Amino acid sequence: MKIKSQLTKIIEQALLDANIEAKNIVISDATKPEFGDYQFNGVMRLAKILKKNPREISNTVIEHIDTTDMIAKVEVAGPGFINIWLNNHWLSQEANSIIDDKRVGVGYVETQKKIVVDYSGPNMAKQMHVGHLRSSIIGDTLATLFEFLGNEVIRQNHIGDWGTQFGMLIAYLEEQNTDGNSQELKDLEQFYKDAKVRFDQSEEFANKAREYVVKIQSGDEHCLRLWQSFINASLGHCEEVYEKLNVNLTRDDVRAESFYNNQLIKVIETLREKNISTTSNGAECVFLDGDETPIIVQKGDGGFLYATTDLSALTFRDKELNADRICYVVDARQAQHFKQVFTIAKQAGMVREDVALEHIGFGTMMDKGGKPFKTRDGGTVKLVDLLNEAVVRAKKTIKDRDIHSQEELDVVAKAIGIGAVKYADLSISRESNYIFSWDKMLSFEGNTSLYMQYAYARIQSILRKHNAEITGNIIIGDEIEHRLTLMLLKFEDTLTKASIDATPHSITAYLYDVVTLFMKFYELNPILKEGIDEETKMSRLQLATLTGEVIKKGLDILGIDVVAKI
RNA sequence: GCACUCAUAGCUCAGCUGGAUAGAGCAUCGGUUUGCGGUACCGAAGGUCACAGGUUCGAAUCCUGUUGGGUGUACCA
């Protein structure tokens, strides 16, 4: 239900009929219930241009607003705000029409786009750590969201599988005589440490490691095979995490750094041809206006850097994947890097002018003391460990409820634990750092996944108790039902905005509003109690059902499961 | 040094891109006709939106400066 665009049309028509010229008009949500459902504030700006009293203009405008269908009434308030109330009859009609809709009333985008979402991007030399959490789940949510709205999404997992460290790793792998599935690779962190120790201790080993770097790059079969088995094992670890996290990344989405390897020299050639890069201190550099330091695209020794790979990836995404929009879900600390790379790519014509290049930056996860999240001894926290702990803690918070079998408990604990971690992350505006707190995220209160899941479970409980067909229509009987119904119909507008701004937290904020309204409604308007007439009961059941569907779909986009019982 | 970014209630965070009396949750205090799941709901209290100027009918939001955090800054990714 595209409510805002419908309202915009109505207001535009009214302005036209009133002979007032206006463009880019914006309808916003009312700031308070007393002010109606929506408001149009644009008249004040118009008043200046027209040199007329804003209230006078507003009064003229509202005379031309069509109040026969969607809008119940309009009012001029304050200095010239136009407040808009929607019609209950219209609201219930719209709500009724989406009760059986799988998409709960959400339509598709007007112009479908091809969107590349680059996210997760783990390093194959190491185990995934908490730093990968945000990229993985924000990226995955955006990908799901774009897709749901009807866009074509290409997920790209730009894994780090290339570089000098792999010489050391495969030399060690060979020495350990393992096949990539063995015990040694179970803990990549430890494997890396052991290899490093060996590297530092033995001159012979170190030389071999360096030799192997060159050998992989020149395509030596033996070394490539070792490398491949190492990557496979490492990717297996990542998939385990994706599985736990409910993140939809598969091997098909992997487009590794190594993939661009033989294209890198072309990047340099293009930059040279177009006189964008110059040689400075032996390295190939791009000097951008306003930057003191250059972006190095080729080292003095001929090696390439990550800017080179990113430029190559951009070329590929434009020329081969034909993307309209490319989103990089990467730590905010790399803002400068992406700004530079994007500028160069456009200058060099590696990417068409009209392709939207976006760095979807996010802040750092902090501990209670406001310091970057680490283990007690200062090491990085492994993502698997964090997720396992989440499930264990979730189990503790629900185990005394005593309504589950052991197997059910496991399923529910997973949905709650993983959901809590994801929701806590996604509900914060993504660019700010956030403080990680188990207590807060596993609370039933406030804007948490548990509050949403609990509301969903209560709704399911009502439906189970009713245990019969639900017929009839939603009939809006009071203010709270009006607000709840409208909120449910705002789902599409919310998703659209979240998709344009790439802000998952606007979805969680919306769901929280939905649930809060539902709880109020539920408190005020009993559904199954005795003495309620059939029509009202059915209407309320329908409203509860629809609320449940919206919660479920909303959480689904966030990659969070709901459960029928908690 | 330069650049970017942030500063909102005791704490954790929103604030829809310039609109009406700045909103939630936690914590605190008080309340809820025998309650469809009370891990719920209602209410109170809590603010110089870091500070100082500017722009205008109107600023937490835009501009300038100051202070204080964070981050990035030539061959790692």
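Chain identifiers are assigned alphabetically (A, B, ...) following the order of the sequence lines, protein sequences preceding nucleic acid strands; residue numbering begins at 1 within each chain. Predicted model only: the values in this text are computed from it and were never measured.
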Which pairs of donor and acceptor atoms, one on a side chain in residues 455-472 of chain A, lie under 3.5 Å apart (sequence neighbours left out)?
{"residue": "A:Arg464", "atom": "NH1", "partner": "A:Ala564", "partner atom": "O", "Å": "3.4"}
{"residue": "A:His466", "atom": "NE2", "partner": "A:Ala468", "partner atom": "O", "Å": "3.4"}
{"residue": "A:His466", "atom": "NE2", "partner": "A:Glu469", "partner atom": "O", "Å": "3.4"}

Extract all donor-acceptor atom pairs below 3.5 Å that involve side chains of residues 29-44 of chain A and protein atoms in other chains or at least two apart in sequence.
{"residue": "A:Asp29", "atom": "OD1", "partner": "A:Lys4", "partner atom": "NZ", "Å": "3.4"}
{"residue": "A:Asp37", "atom": "OD1", "partner": "A:His482", "partner atom": "NE2", "Å": "3.1"}
{"residue": "A:Asp37", "atom": "OD2", "partner": "A:Leu86", "partner atom": "N", "Å": "2.8"}
{"residue": "A:Asp37", "atom": "OD2", "partner": "A:His482", "partner atom": "NE2", "Å": "3.0"}

List, one per line, each side-chain donor-acceptor pair under 3.5 Å for residues 360-370 of chain A, sequence neighbours excluded.
{"residue": "A:Asp367", "atom": "OD1", "partner": "A:Gly369", "partner atom": "N", "Å": "2.9"}
{"residue": "A:Asp367", "atom": "OD1", "partner": "A:Gly370", "partner atom": "N", "Å": "3.1"}
{"residue": "A:Asp367", "atom": "OD1", "partner": "A:Lys371", "partner atom": "N", "Å": "2.9"}

Considering only distance and modelled atom types, tabulate donor-acceptor pairs under 3.5 Å from the side chains of residues 122-129 of chain A, sequence neighbours left out.
{"residue": "A:Asn123", "atom": "OD1", "partner": "A:Ala125", "partner atom": "N", "Å": "2.9"}
{"residue": "A:Gln127", "atom": "OE1", "partner": "A:Leu188", "partner atom": "N", "Å": "2.9"}
{"residue": "A:His129", "atom": "ND1", "partner": "A:Gly131", "partner atom": "N", "Å": "3.0"}

Under 3.5 Å, which donor-acceptor pairs link side chains of residues 331-338 of chain A to any protein atom two or more places apart or in another chain?
{"residue": "A:Asp331", "atom": "OD1", "partner": "A:Arg333", "partner atom": "N", "Å": "2.8"}
{"residue": "A:Asp331", "atom": "OD1", "partner": "A:Arg333", "partner atom": "NE", "Å": "3.2"}
{"residue": "A:Asp331", "atom": "OD2", "partner": "A:Arg333", "partner atom": "NE", "Å": "3.4"}
{"residue": "A:Asp331", "atom": "OD2", "partner": "A:Arg333", "partner atom": "NH2", "Å": "2.9"}
{"residue": "A:His337", "atom": "ND1", "partner": "A:Tyr306", "partner atom": "OH", "Å": "3.4"}
{"residue": "A:His337", "atom": "NE2", "partner": "A:Asp310", "partner atom": "OD2", "Å": "2.7"}

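Not counting sequence neighbours, the partners of A:Glu492 by the side-chain hydrogen bond (donor to acceptor under 3.5 Å, both in side chains) test are A:Lys2. Partners of A:Lys537 by salt bridge (Lys or Arg N to Asp or Glu O under 4.0 Å), not counting sequence neighbours: none found.
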Grab the N/O contacts between the protein and nucleotides 71-74 of chain B below 3.5 Å, and write none if there aren't any.
{"residue": "B:G72", "atom": "O2'", "partner": "A:Gln336", "partner atom": "OE1", "Å": "2.6"}
{"residue": "B:U73", "atom": "O2'", "partner": "A:Thr293", "partner atom": "OG1", "Å": "2.9"}
{"residue": "B:A74", "atom": "N6", "partner": "A:Ser280", "partner atom": "OG", "Å": "3.4"}
{"residue": "B:A74", "atom": "N1", "partner": "A:Ser280", "partner atom": "OG", "Å": "2.9"}

All N/O contacts under 3.5 Å from nucleotides 41-46 of chain B to the protein, with atom names and distances to one decimal?
{"residue": "B:C41", "atom": "OP1", "partner": "A:Tyr451", "partner atom": "OH", "Å": "2.4"}
{"residue": "B:C41", "atom": "O4'", "partner": "A:Glu523", "partner atom": "OE1", "Å": "3.4"}
{"residue": "B:C42", "atom": "OP1", "partner": "A:Lys520", "partner atom": "NZ", "Å": "2.7"}

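Consecutive Watson-Crick or G-U pairs involving RNA chain B, each under 3.5 Å on both distances, make up stems of three or more pairs at B:1-5 with B:69-73, B:10-13 with B:23-26, B:28-32 with B:40-44, B:50-54 with B:62-66.
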Checklist outcome for this item: B/S/- along nucleotides 12-22 of chain B (protein heavy atoms under 4.0 Å) is SSSSB--BBB-
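Residue pairs meeting the salt bridge (charged side-chain N to carboxylate O under 4.0 Å, His left out) criterion with at least one partner in residues 495-522 of chain A, sequence neighbours excluded, are A:Lys497-A:Asp501.
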